4 protein chains.
Amino acid sequence: MDELIEPATRRTPKGNTTREAIKLAAKRALAVDGFSNAKIADIMASVNRSPGAFYKYYPSKEALLHELLDEFRTRLKAEVNRPLNTRGDPLEHLKERLGAFWKIYRDDWPVATAAFQMSMADREFARAWHGVRQQGIRGMSSVIKLLQKEGYCAGLDSELIASALCSMLEYTGYNWTARAGDFPDRLIDDGAAIEVLTRLVLNGVRGGAAETTAASPADKEPGRDPARRRAKSERG
Amino acid sequence: MDELIEPATRRTPKGNTTREAIKLAAKRALAVDGFSNAKIADIMASVNRSPGAFYKYYPSKEALLHELLDEFRTRLKAEVNRPLNTRGDPLEHLKERLGAFWKIYRDDWPVATAAFQMSMADREFARAWHGVRQQGIRGMSSVIKLLQKEGYCAGLDSELIASALCSMLEYTGYNWTARAGDFPDRLIDDGAAIEVLTRLVLNGVRGGAAETTAASPADKEPGRDPARRRAKSERG
Amino acid sequence: MDELIEPATRRTPKGNTTREAIKLAAKRALAVDGFSNAKIADIMASVNRSPGAFYKYYPSKEALLHELLDEFRTRLKAEVNRPLNTRGDPLEHLKERLGAFWKIYRDDWPVATAAFQMSMADREFARAWHGVRQQGIRGMSSVIKLLQKEGYCAGLDSELIASALCSMLEYTGYNWTARAGDFPDRLIDDGAAIEVLTRLVLNGVRGGAAETTAASPADKEPGRDPARRRAKSERG
Amino acid sequence: MDELIEPATRRTPKGNTTREAIKLAAKRALAVDGFSNAKIADIMASVNRSPGAFYKYYPSKEALLHELLDEFRTRLKAEVNRPLNTRGDPLEHLKERLGAFWKIYRDDWPVATAAFQMSMADREFARAWHGVRQQGIRGMSSVIKLLQKEGYCAGLDSELIASALCSMLEYTGYNWTARAGDFPDRLIDDGAAIEVLTRLVLNGVRGGAAETTAASPADKEPGRDPARRRAKSERG
DNA sequence: TATGAATGAGAATTCATTCAT
DNA sequence: AATGAATGAATTCTCATTCAT
C-alpha cells in the first residue's frame, strides 16, 4: 500500500544511489522553487545526469513527488503507530507526539508544500495529500481523545482540534525554517521551537470547557482553573 | 497609501465593473487551481471577456495577484488598526481579534495560498507575502504582549507565539473551507470554527508562566507531573 | 497619382487639423520607435484623441505611413523638378541639389526609415519605397549626367553613382540627426553637414576616369594628379 | 574577448551544426522579412526543427541577433585591425579598406539592417549597433587621418567623413544587393560596385581644401579654383 | 545504458481594429 | 463625431517528455 511505485531500477546499488540522489536534489529544488517551478533538467544537472536519465527512475515528474510524498506519509505513519512509551500520562503523550511531528514537518515542508500546491489542481494529488493530512490528524486526534477522556478540552470536536494543531505545526515548520519564512534573520533552533509550540498546545488543549467566555483579568490564579482541577482529580 | 497599484482604468463605471468582476473570478480560479494553474483565458472567459481584455486592467497575471494581495493586506491592516472596543480585558481583545482574523483568512485563503506559493519562486512576491504575514503577526503579537503584561504565557517570545497562531489561523482557514481541505464532507460553520480556535488559543495563551517546564503556583506537587520531570531533567 | 489616399475627413478644418496633428505625432513616434513599435494608441494619445478616432482619418496604420511616404516623395519630386537657377554650371547644380536633398533627408528620416523597414516585409511598401528611392536617384543622376557631359567622372554608371550618393545622403541624414546616431553628444548643424557632404561629393564626382588604381605617394599635388590628366586626355 | 555571448551549447558537433544552421537561416529570414517580421517558427522550420528547439541555442530572438551582430562587429574589427600591407601609400590603404568594407557590408546587410531597426526601439541594441558603427568609423577615419597628413581633404572633420562614407558603403551594400534594393533587375557584381565606390570615395577624399563652395573670403573669384578652371576650360 | 538534442502542446502577451454607447 | 472597452489572431517562450545515437 505504501509502495505504490515500484519502478524498474531499484535493485542495483548504483541505481539506488542515483535514485536517492535524485530525491534529495528534488527536495532541495522543491524548497527553492516549489513544484511547478522546479525543473527536471535542473534536478538532474545537480546530480550530474542528463535530463533524459530521469525517466529511468520515474515515469513522470508527478511520480517523483508522489514517491516523496509517500515517504513523508510513511514517516508520519511510523510516528503515529509508534507505541507511546510514557506509561499513560496523556499530556506526556501529546508532548512526545508534538515534538516528533515538529521534526517531521520541519524537515519535510518542501514536500508538504509541493504536495499542498499540487493538491489544488490535481485530483490524484488531492487524494494523496488528503491521506497525509489524515495521517497527521489521526495521530493527533488519538492523543486528544485520550485527553478528553481525562476531561481536558471537553466538548470540542477532537478532529477539528487535531486538524488545527496539525495546521499549526505543519505551516510553522515552514515559517520558522524556510528562507522566505517569517524570521529570515533569525535561526530558530529546535529547542526553542518545540518549547513554544508545546506550551502553546499543551495549554490550549488542557484548558477547561467554559473558558472561552469566562476568563476575567481577575482570574489570575491558575490553580482555580476548573479544568485543571478536574484533570487532576480524574488522574488522582 | 496602501494602494500602490494604481491601474490605468479606474474612471469609467464600466471598466470598474469589469475590473471587480475579474478580481472575483480570479479568486475563484485561484481557489480551484492555484496561481500557476489558473489561466488568464479561463478567468476572462468566466467574465465573458476575451483573453486580451485582461491586459486593459493588469499588465500581467502577477500584477493581478499583487493587487489581490494588497487588498488582503489592507483588510488585515484595518483589523490590526481597529481600536479594540472591550474596555481593557486582554482576553477579550484576543477573542475579538481571533474572530476577525478567522473571517479574513477564511475568505481570502485563495489569495493567501497563491501568494504563499509564489513567494517561494518570486522575489517580489516573497517580499509582498512577508509583508502580509508581518501584518498578521504584528496584530497578533500586540495582543499577546498585552496578555504577557498581565502575566499570561510568561517567558515566551511573543513574536513566535504570534507567528504560530497566525499560521494556525491562516492554514486552518484553508483546511476547513476549501474543497480539498481536511473535511470535504463537512461544512464547518463560522460558529464552530471560531469556538474551537478561540478556546484552543485562549487556553494556549493563558497558560501560566512556567507550565510546560515548571510548576504552576497551584501545582504544588511538580514531581507528580511526568512531563515536567522530564523537561527538568533534560535541562539540568 | 500622388494623392492615392483620399479619406472621408479632409474637408472640415477641424478634421484637417487633427489629421495633420496625427501625422506630426506619427513622425515623432516613428523617430523614437520605428514603424512596428509605434503604437496607434500612443500616437492618438499624444494628440489627445482616443485610439478609435484614428480610423476616422486612416483605414489602417499602413495607410498612414503610405500618406507620410507620399508626402516625402512629393517633397523630393518638387526638388527634382525645380528648375535649377544657376546659369548652367553643373557643379553648382550638384551643390544646390545636394543641399536640398540633405534638408529633405534630415527632416524625413523617420518616414524614410520606417518605409525602408516596411519595404522588406511588405510588397506594397516595397513598391512605394522603391518609387521614392527612384525619385531621389533620378534627381541625382540627372545632375550627374550633366557633369558627365562635361567630362567628369567619365566611364561610371550615373545610376550607380546617384544611388550611392542618395544612400549616403539619406543614411547620413539619420546618423547625424537621430538620438541613436553616430554622434549622440554632438549637434551637427546644417552648415557643417552640408559642407562636408558637398565637398565629399563634389570631389568624388569631379574626379577623372582612372583614379582608382593610379594614385601614388609621390603624387602630392592635386593639380598634378595624373588621374585628372588622364581624364582630360581621354576626353580630349 | 569579442565573444561576450557564450551560449550553453558549444560542445557537441551536432549542436554546433544546428547552431550554425540557425544563424544562416536567420540571416536569410532577416534579409527577406526584417527582424520583427522574421518568425522563430519559420527560421526553425527552414532548418527542419521545431520552434522550441531554438531556445536550446538562444534565450531569445534578440539574443540571436546580438550574436549575429557581434560576429559582424568582429569581422569589421578584424579588417580594421589588419595591418595594411601597401608600403605606406594612404590612397592604397583607403582602397584596400574600402574593398574590404564593401564585401563585409554586402554580405552582412541583413544583420546590419536588422540591428539598425532594433537600435531605434531597444536600448541594448542601440548600444550594440552604435559599437558596430564606431568600429567602421574608426577603421575609416584612421585612413582618412593618414590622408589628411598628406594634405588631402584638409580642414574637414575626419570623423564626419568617415561616418558619411560608412553610411554610403553600408546602405549601398543593401541597395545594390537586396531584392528590394534600387536595381531589382540588375546584378551588380563586386567588380563594378567596388570600382564605382572606390573612385567616388577616392576622389571625394582626395579633393583639395577649399573646393567646396569657393567659400574662403579671399576666394572671390570662383574661376581661380584650379579644378573649376579646368572644368570651365574643358567646357569652353 | 546514458546522453542531450529535439519535440510540441500550451500559456502569456501584444495591439491593430471594431463597435456599442 | 468621439470614446475607450473589447476583440482575437498572432507570436514568443517554456519545459516535460521522447528518441536517435
Side-chain angles (χ1 to χ4, degrees), chain A residues 8-9 12 14-15 18 36-45 48-56 58-64, chain B residues 8-9 11-19 36-44 47-64, chain C residues 8-9 12 14-15 18 36-45 48-64, chain D residues 8-9 11-19 36-44 47-63:
Chain A
T9 330
T12 69
K14 189 184 172 187
T18 306
S36 6
N37 290 88
K39 294 168 213 344
I40 285 188
D42 290 351
I43 293 172
M44 295 311 283
N48 292 318
R49 289 273 176 291
S50 68
F54 177 82
Y55 296 87
K56 281 281 163 225
Y58 297 96
S60 71
K61 197 184 169 190
E62 277 73 24
L64 164 60
Chain B
T9 329
R11 313 302 119 81
T12 66
K14 191 181 178 186
N16 242 320
T17 307
T18 306
R19 188 182 190 86
S36 10
N37 291 87
K39 322 233 175 296
I40 285 185
D42 292 348
I43 294 173
M44 295 311 284
V47 184
N48 292 319
R49 292 279 179 285
S50 71
F54 177 83
Y55 297 88
K56 263 265 176 259
Y57 300 92
Y58 299 97
S60 70
K61 206 179 155 190
E62 278 73 26
L64 165 60
Chain C
T9 330
T12 69
K14 189 184 174 188
T18 306
S36 7
N37 290 88
K39 293 168 212 348
I40 285 188
D42 290 350
I43 293 172
M44 295 310 283
N48 293 318
R49 289 275 177 288
S50 68
F54 177 83
Y55 295 87
K56 280 281 163 225
Y57 300 91
Y58 297 97
S60 72
K61 199 185 168 190
E62 277 74 24
L64 166 60
Chain D
T9 328
R11 311 306 117 80
T12 67
K14 191 180 177 186
N16 242 321
T17 306
T18 307
R19 190 184 191 83
S36 10
N37 291 87
K39 323 239 173 292
I40 285 184
D42 291 348
I43 293 174
M44 294 312 283
V47 185
N48 292 317
R49 292 278 179 286
S50 71
F54 177 83
Y55 297 88
K56 262 266 176 256
Y57 300 91
Y58 299 96
S60 70
K61 204 180 156 188
E62 278 73 26

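Keep in mind that what you see is a predicted model, and the values were worked out from it rather than measured.
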(Q) Would the distance check show the side chain of D/Lys39 and the main-chain N or O of D/Met44 forming a donor-acceptor pair, the cut-off being under 3.5 Å? (A) no
Q: Indicate whether OP1 or OP2 belonging to E/dA6 is found under 4.0 Å from a side-chain N or O atom of D/Thr18.
A: yes
(Q) In whole Å, I'd like the distance from the CG atom of B/Leu64 to the P atom of E/dT13. (A) 11 Å
(Q) Judged by each residue's nearest nucleotide on DNA chain F, which is more toward the 5′ side, A/Gly52 or B/Gly52? (A) B/Gly52
**Q.** Spacing of C/Phe54 atom CZ relative to E/dA16 atom C1', expressed in whole Å
**A.** 9 Å
Q) With a non-hydrogen cut-off below 4.0 angstrom, is A/Ala45 in contact with a base, only sugar-phosphate, or nothing? A) nothing
Q.
Can you work out whether A/Pro51 or B/Ser36 has the more 5'-proximal nearest nucleotide on DNA chain E?
A. A/Pro51
Q. Quick one: D/Arg49 CZ to E/dG4 P, roughly how many Å, whole number?
A. 17 Å
Q.
By nearest atom, which of the nucleotides E/dA12, E/dC15, F/dC13 is closest to the D/Ile40 side chain?
A. F/dC13
Q.
Distance check needed: E/dA16 P versus C/Tyr57 OH, whole Å only.
A. 19 Å
(Q) Expressed as a whole number of angstroms, how long is the span from C/Met44:CE to E/dA16:C1'? (A) 13 Å
Q | Paired and unpaired positions of DNA chain F as dot-bracket, Watson-Crick or G-U wobble under 3.5 Å, | denoting a partner strand | A | .||||||||||||||||||||
Q: Report the C-alpha distance between B/Tyr57 and B/Thr18 in whole Å, list the side-chain angles of each, state the deciding distance to 0.1 Å, and finish with yes or no for side-chain contact (heavy atoms from CB on, under 4.5 Å).
A: CA-CA 9 Å; B/Tyr57 300 92; B/Thr18 306; 3.3 Å; yes
Q | 5'-most by nearest nucleotide on DNA chain F - A/Ala53 or B/Asn48 | A | B/Asn48
(Q) Has D/Lys56 got a side-chain atom pairing as donor or acceptor with D/Arg19's backbone, closer than 3.5 angstrom? (A) no
Q: Let me know the distance between OH of B/Tyr58 and C1' of F/dA5, rounded to the nearest Å.
A: 15 Å
Q | d(CG, C/Asn37; P, F/dT12) in whole Å | A | 13 Å
Q: Locate the shortest heavy-atom distance separating A/Ser36 from B/Ser36; write the atom from each residue and the value.
A: OG-OG, 3.6 Å
Q. Within less than 4.0 Å of OP1 or OP2 of F/dT7, is there a side-chain N or O belonging to B/Ser50?
A. yes
Q | Nearest atoms (heavy-atom pairs only) where C/Ile40 meets C/Tyr55 | A | CD1-OH, 3.4 Å
Q | Nearest-angstrom distance from the residue atom OH of C/Tyr55 to P of E/dT17 | A | 4 Å
Q. Does C/Lys56 make a side-chain N or O approach to OP1 or OP2 of F/dA1 shorter than 4.0 Å?
A. no
